[in-house]
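What follows is a short report on a single structure.
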There are 2 protein chains.
Amino acid sequence: MRVDQETDAIERLAYAGGRLTRARRLIARTAAQLHGAFTIDTLAERVRVTDAASGANATVYRAVAAMERAGFLTRVGERGGHALFARCSTRGHHHHIVCETCGRVAHADCPLTQAIEASNAQGFRITRHEVTMYGLCPECAARTGS
Amino acid sequence: MRVDQETDAIERLAYAGGRLTRARRLIARTAAQLHGAFTIDTLAERVRVTDAASGANATVYRAVAAMERAGFLTRVGERGGHALFARCSTRGHHHHIVCETCGRVAHADCPLTQAIEASNAQGFRITRHEVTMYGLCPECAARTGS
DNA sequence: ATCCAAGTGAGAATGATTCTCACGTAAGCC
DNA sequence: GGCTTACGTGAGAATCATTCTCACTTGGAT
């Protein structure tokens, strides 16, 4: 089977040196097609539509973990108890805005520089922080009415 | 059994009109004694130390949910897959800084006003956000060395 | 072409949280 | 002080996302 060069590049990128198996190729391709944030079970369902044999939950979970390690996917929040992932290879520290309706994802600069300084002033040493904003993307906001 | 007035007031406050049962009294009293953030199973263990019959997990989960509804406790983050709660009746929108070592909790003003405005400028309508900072409180930072 | 470590898949296990259901008991009412 | 009943309790089962196990398969280096 000949593989389209761009697709092949995406698949290789997704696993950063890991093995490219039939399942992993399909999972990466499917993840790249999904626009915005998705849950792992949504991804697994889509994979199974194309190839029922390659969508075992455990395999998709492992592939997503590998793609996260490779910096191809990022955990961008959660919805209804399911972790949300999105393709994000943007470098540098930043945060995500997730549309609650359609899952579209936008980037936001880190607003905490000052907050961390203020905390340091209180004697705290901040080592880690989490910021996620949820809302409506421009399209969904327009659809919902002003 | 006579009940200390302040303790009684705390217990009543914790459930905001809900029933005051033996188990609920003990759970509220125990939660009030824990300094900083705690997980529900830690709270349940402490409760069982005082009264083995009043510390059923389900009961503690329900009591915590009730105290959260009443605004007596707040979910302030998570640690190792367990939700972290802390006593917090501070009014007004704010966020929490949780010491990763001892669980001490401090408050932080919301640093997102500007970020939300920036997002609105992108056309997003932010409806909800989560901010948690983790780190070391002054004491734990000192103990760990500079 | 061969080899073997990495990957796969089916299903079991894990583990926090929630639910069920029979029983107990606060608290309003007399 | 008793009566009533809706709310709370407790033991254990259920739920459900995620991870693990283990025998089998396969990519890809040599």
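Throughout, a chain's letter reflects where its sequence line sits, starting with A, and its residues are numbered from 1. Quick caveat: nothing in here was measured; it's all calculated off a predicted structure.
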(message) Rounded to whole Å, how long is the line connecting atom CG of A:N57 with atom P of D:dT15?
(response) 17 Å
(request) State yes or no: are the ring centers of A:H107 and A:H96 separated by less than 6.0 Å? (result) yes
(message) Is it the case that over 12 heavy atoms from other parts of the model lie below 6.0 angstrom from the CG atom of B:D109?
(response) no
(request) Compare all side-chain heavy atoms of B:R75 with those of B:L84 and state whether any distance is below 4.5 angstrom. (result) no
(message) What is the distance, to the nearest angstrom, from the OH atom on A:Y15 to the C1' atom on D:dG27?
(response) 14 Å
(request) Please figure out whether B:G81 or B:R62 has its closest DNA chain C nucleotide nearer the 5' end. (result) B:G81
(message) Need two values: the first and the last nucleotide of DNA chain C, 5' to 3', having an atom under 4.0 Å from any heavy-atom of chain B.
(response) C:dA16 to C:dA27
(message) By nearest heavy atom, map A:D41 and B:T59 onto DNA chain D; which one lands nearer the 5' end?
(response) B:T59
(request) Take atom CZ of B:R48 and atom C1' of D:dG10, then tell me their distance rounded to the nearest Å. (result) 12 Å
(request) Measure from the side-chain heavy atoms of A:H82 and tell me the nearest of D:dA17, D:dT18, D:dG27. (result) D:dA17
(request) Indicate, with a heavy-atom threshold strictly under 4.0 Å, whether B:L20 touches base, sugar-phosphate, or nothing. (result) sugar-phosphate
(request) Would you check if there is a donor-acceptor pair between the side chains of A:R48 and A:N57 at a distance under 3.5 Å? (result) yes
(message) Under 4.0 Å, heavy atoms only, any strand: does B:A63 hit a base, just the sugar-phosphate, or nothing?
(response) nothing
(message) Both B:A58 and B:G18 contact DNA chain D. Taking the nearest nucleotide for each, which residue is further toward the 5' end?
(response) B:G18
(message) Without decimals, in angstroms, what is the distance between A:E78 CD and D:dA17 P?
(response) 12 Å
(request) Mind calculating the distance between CZ (B:R19) and P (D:dT5) to the nearest angstrom? (result) 13 Å
(request) Give the C-alpha distance, both sets of side-chain angles, the deciding distance and a yes or no for side-chain contact (heavy atoms from CB on, under 4.5 Å) between B:F38 and B:T30. (result) CA-CA 11 Å; B:F38 54 86; B:T30 308; over 6 Å; no
(message) Taking B:E11 first and then B:R29, would you say they form a salt bridge - that is, a charged N and a carboxylate O separated by under 4.0 Å?
(response) yes
(request) Please determine, for the side chain of B:A23, which listed nucleotide (D:dG27, D:dA17, D:dT9) has the closest atom? (result) D:dT9
(message) Restricting to non-hydrogen atoms, name the atom on A:C88 and the atom on A:H94 that form the minimum distance, rounded to 0.1 Å.
(response) SG-NE2, 3.4 Å
